[in-house]
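Worksheet: one structure, shown below.
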Amino acid sequence: MLRLGLGAGALAAAGRLRAAAVPALAALRRRPPNILMIVADDMRHDLIGALGDPMVCTPNLDRLAAGGTAFRSAHHMGGKFSAVCVPTRGALLTGCNVFRAMVDPADNVIAQSRITIGEHLRLRGYDTYCVGKWHNDFGSLNRSFANGEGIFLRGLNRNQYRMRVHHYDPTGAYGSHTAYDAQKFSSDFLADHAVDYLGQQDGNRPFFLYTAFTSPHDPRTPPSEYAELYPAERMKLPPNFLPCHPFDNGELHVRDEDLAPHPRTAKRIRQEIAAYFGMVSSMDASIGRILSALDDSGLAENTIVVFTADHGLAVGQHGLLGKQNLYEHSLRVPLVLRGPGVPAGARSDALVYSWDTFPTLCDLAGQPAPRGLDARSLAPLFANPEAPHRRRLSALYRDFQRAAQDERWKLIEYTVGGRRRTQVFDLQNDPWERHDLAADSAAMAEAERLRPDLIC
């Protein structure tokens, strides 16, 4: 059974590494840094062109990565909810695993006993402001932020050109009296509000600006200038493209999977990839506007920028479209940090969780992290990208998929209809997870070492 917390030895080692890294960070600071956190919706880890697929055009995210540190093996943990973004956002916001972040892993309510990153910074004098998607409860929203605008309170934005959003409500009631329709494409609209907020900052008080896009989530309907960048017939199929998933994984007909006919055709998947890339490039342009506004404010040098996503997406890999699985395309997310104390142009392949950002931001901001976090600061990796960090990760999807992995091996177990199935992948030699080695006794022996890290 997985130990959901760290042992005393691991905590002590992590403390020593943080103690060694933090003084160097502190020397770089003259005043508390601002924090700009940007979160994409449904964005796979390899969709920053400079870090992954060169076919996708992301000049602004490329520049962000060039100026900061990219964690190329960042993962989320999953959850017991088909809307995977609910628990993954809860973990990201609280720095706790999904069981401790949420009141119920199958619900959207963040536990009141868990302090969010926004709440933590707000209590320490930060002006906290929310723009965009909030797929958790209203109470945690208002604990986290003193204000906001263009807040999207649903999971699915059904119309990217007329998104239903809310004004910030200090009472936390949020209803028809706070709702209105955005009158432009979602990414442009959300960037407008982030830009407006940055234009009001004078540097007298540190800020935490949380901007959560609804892209590249479906409906994948990018503006024409970005759709035209990606003719469907020129899109490459991924090496692990399949018409159908090879067996019942328990969730082959959830909403996300039924957005395209079964079996998948190469033509349809090329169309899906083209639209997906168009959404990413459109969002990248909006992110560029936000970063330019930060530059114009004169506060960029003292601002930590974080870019990540709630989870990835299959889009044709393994015969799947959605995120309701435990393959790397859905578990891995982009994670880039830039700002004071963060090396420029650095890359780390350490296995990390996206929710390790909470204590990392505390270290970079010179703030103590709350007690009881499951996350581990990435600060030691800024000093040494090869430093030991986390060697094993665990993940789950609802009651019928469990996974554990280290730097090379990955074990996935399925329990569907009372039947159990195992997959084993050698990620070092098979990063696309094309060759299941469960029947190979030597590979299975390696994978068995991971069994204690499966979540019961």
*asked:* For Asp406 and Arg449: C-alpha separation, side-chain torsions, deciding distance, then whether salt bridge (charged side-chain N to carboxylate O under 4.0 Å, His left out) applies.
replied: CA-CA 10 Å; Asp406 59 18; Arg449 297 183 296 102; 3.3 Å; yes
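- The nearest pair of heavy atoms linking Ile304 to Leu364 is CD1-CB, 3.4 Å.
- When only modelled atom types and interatomic distance are considered, Thr221 and Gln160 share no side-chain donor-acceptor pair under 3.5 Å.
- Between Glu446 and Arg408 there is no salt bridge, since no side-chain N of the basic residue sits under 4.0 Å from a carboxylate O of the acidic one.
- Side chains of Ser282 and Ser187: no donor on one and acceptor on the other come within 3.5 Å.
- A side chain to side chain donor-acceptor pair (under 3.5 Å) with His329 is found for one member of Gln317, His318, His311 and no other, namely His318.
- Of the charged side-chain nitrogens involved, at least one lies within less than 4.0 Å of a carboxylate oxygen, so that Lys184 and Asp192 count as a salt-bridged pair.
- Between Tyr174 and Ile151, some side-chain heavy-atom pair lies under the 4.5 Å cut-off.
- Arg63 and Asn60 are linked by a side-chain donor-acceptor pair at a separation below 3.5 angstrom, with hydrogens and angles left out of the test.
- Smallest separation of non-hydrogen atoms from Asp356 and Val352: OD2-CB, 3.6 Å.
- Side-chain atoms of Asp137 and Asn108 form no donor-acceptor pair, as typed in the model, at a separation below 3.5 Å.
- Electrostatic pairing of Asp127 and Arg205 counts as a salt bridge here, judged by a charged N lying under 4.0 Å from a carboxylate O.
- Only one option out of Tyr126, Tyr129, Trp134 pairs with Phe145 in a ring-ring contact (aromatic ring centres under 6.0 Å, His included); it is Trp134.
- Under the 4.5 Å side-chain criterion, counting only non-hydrogen atoms from C-beta, Arg392 is not in contact with Gln405.
- Proximity of Leu64 to Phe307: side-chain heavy atoms (C-beta onward) are separated by under 4.5 Å at one or more points.
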*Are His120 and Cys362 close enough, and set up right, to give a side-chain contact (heavy atoms from CB on, under 4.5 Å), and what steps lead you there?*
CA-CA 9 Å; His120 186 63; Cys362 290; 3.6 Å; yes
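- A donor-acceptor contact closer than 3.5 angstrom is absent between the side chains of Thr178 and Asp169.
- Comment: Lys80 does not engage Asp107 in a salt bridge, judged by the lack of any side-chain N to carboxylate O separation of less than 4.0 angstrom.
- Residues Tyr230 and Ser281 bring a donor and an acceptor atom of their side chains to less than 3.5 Å of each other.
- Inter-residue side-chain proximity for Leu396 and Phe99 is flagged as met; some heavy-atom pair is nearer than 4.5 Å.
- Met37 places none of its side-chain heavy atoms less than 4.5 Å from the side chain of Leu93.
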_With salt bridge (charged side-chain N to carboxylate O under 4.0 Å, His left out) as the criterion, how do Glu119 and Arg143 come out once you've worked through the C-alpha distance, each side chain's angles and the decisive distance to 0.1 Å?_
CA-CA 6 Å; Glu119 186 179 8; Arg143 294 200 316 270; 3.3 Å; yes
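- Ile412 and Ala403 get closest at one heavy-atom pair: CG1-CB, 4.1 Å.
- Donor-acceptor pairing under 3.5 Å is recorded for the side chains of Thr58 and Asp62.
- Side-chain atoms of His75 and Glu328 include a donor-acceptor pair closer than 3.5 Å.
- Side chains of Thr211 and Leu209 form a contact here, defined as non-hydrogen atoms less than 4.5 Å apart.
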*Going through the distances and angles, do Ser377 and Asp363 end up as a side chain to side chain donor-acceptor pair (under 3.5 Å)?*
CA-CA 7 Å; Ser377 175; Asp363 278 349; 2.7 Å; yes
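- By the 4.5 Å heavy-atom criterion applied to side chains, Leu337 and Phe71 are counted as neighbours.
- Inter-residue side-chain proximity for Ile35 and Thr303 is flagged as unmet; no heavy-atom pair is nearer than 4.5 Å.
- Using the six-membered ring where Trp is involved, Phe189 and His193 have ring planes that are perpendicular, over 60° apart on the 30 and 60° scheme.
- A 6.0 Å sphere centred on CD of Glu407 holds more than 12 heavy atoms belonging to other residues, nucleotides or ligands.
- The one candidate from Asp41, Asp310, Asp42 that meets the salt bridge (Lys or Arg N to Asp or Glu O under 4.0 Å) condition with Lys323 is Asp42.
- Residue Asn34 comes nearest to Phe207 through the heavy atom pair OD1-N, 3.2 Å, listed as atom of the first residue, atom of the second, then distance.
- Taking each heavy atom of Ala314 and Arg44 in turn, the nearest pair found is O-NH1, 3.7 Å.
- Glu225 CD: more than 12 foreign heavy atoms inside a 6.0 Å radius.
- A salt bridge is absent between Arg289 and Asp284; no separation between the charged side-chain nitrogens and carboxylate oxygens falls under 4.0 Å.
- Between Tyr353 and His76, the ring centre distance reaches or exceeds 6.0 Å.
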